[in-house]
Amino acid sequence: MKPALFDYTAPETVAEAVATLAADESARPLAGGQSLIPIMNFRLAQPGTLVDLGRVAGLDGITVTESEVRIGAMTRQRTLESHAGANAAHPLIAEVLAHVAHIAIRNRGTVGGSIAHADASAELPCLLLATGGSVCATGPEGERTVAADDLFSFHMTTTLAQTEILTEVRIPRLPPATGWAFEEYARRRGDYALAGVCALVTRGAGGVCTGARLAGCGIADRPVRLTAAEDALRGSTVCEDALMAAGEAAKGHATLPDDLQASQAYRADLLAALVRRAAVRAAERAGG
Amino acid sequence: MARSLPSKPIPAASSDPRREVTLTVNGETLTRSVSPRMLLSDFIRHELGLTGTHVGCEHGVCGCCTVLIDGRAGRSCLTLAVQAEGAEIRTIESVARPDGTLHPVQQAFMECHALQCGFCTPGFVMAILSYLEETPQPDLSEDAIREVLSGNLCRCTGYKNIVRAFRRAVELRDARATGGG
């Protein structure tokens, strides 16, 4: 199908883009278009005006600082995936991106676009949550930073206002003695995950898990921190019993009701399995 | 699902705004006036008559509309023609030499019988071409090749021969580079 009619504008500055959004409630920003254009083709979305961010200067590029990786919102996913500095600072980034759709989609799709789109099954929002990242957004009131924990409010819905533009994504460096892993299951390679899990496991003396951050996608109305599984891992040696307990504990986070793809019970079991697999791989990479 | 948008009257067809777009397609720079909602795939096929780029699912799953956008494979059905302002587009029509000599990827598809009905073939060829330009020394394991090909669907399901063609394309390219072919 084809998109419905819309007005189109291609501003050259963030301020101009924000002004357009503020003047027209039906206006939506267009980044790489790899999520928005399919739903426009299906006419699930019919924005009155598209504000194409493709001409806005300064919205792409990757900077690796001592504390974090800063990714301009319009940076293509494939560019981030193959960025040596970013992946040295946090190797989970490339592992997650390999699961985002296909190469041809990642060549066009942007990091900021995927996070602002906030599909509950998408991998990048899950990555942002697990790593404790944040985003910068600019609106009529100026710039602000929003932590990942405060960003996702529902499927395809963030706490950003319609007048705000996500400008930068920040992912903290991998903490010391911390291993990483991403596991997902999808019906077709590159498809949205039926369930996916990002795991970061930190180990101290004797291999004891001193910190765990896990997040899941595809299992609820938004990407969620798997805090119950984190609690089950913390203090353990990430032994078989602790992994089983973490998997069981995670099931409560699988709140998506039965749908055409899977029942809630199936998703809960799948989530438990993915938590175990991700946690054990992350623990191995943490050493100890 | 998507949250409902505040209502604004959808522009009537008669008020459909036109916009000029200037881009380079297969080496030729051209300017056209298009509706903002025109997909790049439709622009290539209907405005330029380059019907080698096929349209299958129109939501990014099947891959048969894949073209090169600024040197990298992209879905022309998930790109608006107006987004391609200033871009360099390459379609399947540019792949063989003007004298008809097939590109190694095309030659490999022919030799390995990697096409049956052929509908998906232009997309596969452009995706492989892009990948080999990005990664000149690719991993030729079955898994790695299937990963590269996973963004394109063949409904004749001739994947085994497409995997063979990927390997053969690398051989043919290397043979040509050393003057052997």
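Hydrogens, waters and symmetry mates play no part in the numbers below; they use all other heavy atoms, side chains included. Throughout, a chain's letter reflects where its sequence line sits, starting with A, and its residues are numbered from 1.
Contacts of A101(A) with chain B are absent, with no heavy-atom separation under 4.5 Å from either backbone or side chain. Only the side chain of R19(B) comes within less than 4.5 Å of a heavy atom in chain A; its backbone stays farther off. At a 4.5 Å heavy-atom cutoff, the contact between L30(A) and chain B is made by side-chain atoms alone. Heavy atoms of R188(A) lying under 4.5 Å from chain B are absent altogether.
P38(A) approaches L78(B) most closely through the heavy-atom pair CD-CD2, 3.5 Å. What you find for P17(B) and D7(A) is that their closest heavy atoms are CG-OD1, 3.5 Å. When every heavy atom of I37(A) is checked against every heavy atom of L80(B), the shortest pair comes out as CD1-CG, 3.8 Å. The two atoms that bring I105(A) and G60(B) nearest to each other are CD1-O, 3.8 Å, heavy atoms only. The shortest heavy-atom contact between F6(A) and P36(B) is CZ-O, 3.4 Å. Annotation for R75(B) and A104(A): closest pair NH1-CB, 3.6 Å, computed over non-hydrogen atoms.
In terms of heavy-atom pairs under 4.5 angstrom with chain A, the leader among D70(B), V82(B), V61(B) is V82(B). With respect to chain A, the highest number of heavy-atom pairs below 4.5 Å among R146(B), M38(B), R72(B) belongs to R72(B). Contact count versus chain A (heavy atoms, under 4.5 Å) is highest, among D42(B), V55(B), V148(B), T66(B), for D42(B). Between chain A and the options C77(B), S35(B), S150(B), G86(B), the largest number of non-hydrogen pairs under 4.5 Å is found for S150(B).
Note: R55(A) CZ to E85(B) CD = 5.5 Å, rounded to the nearest 0.5 Å. To the nearest 0.5 angstrom, L149(B) atom CG is 12.0 Å from R189(A) atom CZ.
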Give the intermediate values and the outcome of side-chain contact (heavy atoms from CB on, under 4.5 Å) for residues I69(B) and R108(A).
CA-CA 9 Å; I69(B) 306 171; R108(A) 303 290 304 159; 3.4 Å; yes
Begin with the C-alpha distance, continue with both residues' side-chain angles, and end with the deciding distance and a verdict on side-chain contact (heavy atoms from CB on, under 4.5 Å) for R78(A) and E134(B).
CA-CA 11 Å; R78(A) 185 75 173 159; E134(B) 187 192 27; 2.9 Å; yes
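Under a 3.5 Å cut-off, the side chain of N41(A) and the backbone N or O of H59(B) do not form any donor-acceptor pair.
Annotation for E88(B): atom CD does not count as buried by contact number, only 12 or fewer foreign heavy atoms lying within 6.0 Å. Few gaps surround NZ on K2(A); more than 12 heavy atoms of other groups in view lie less than 6.0 Å from it.
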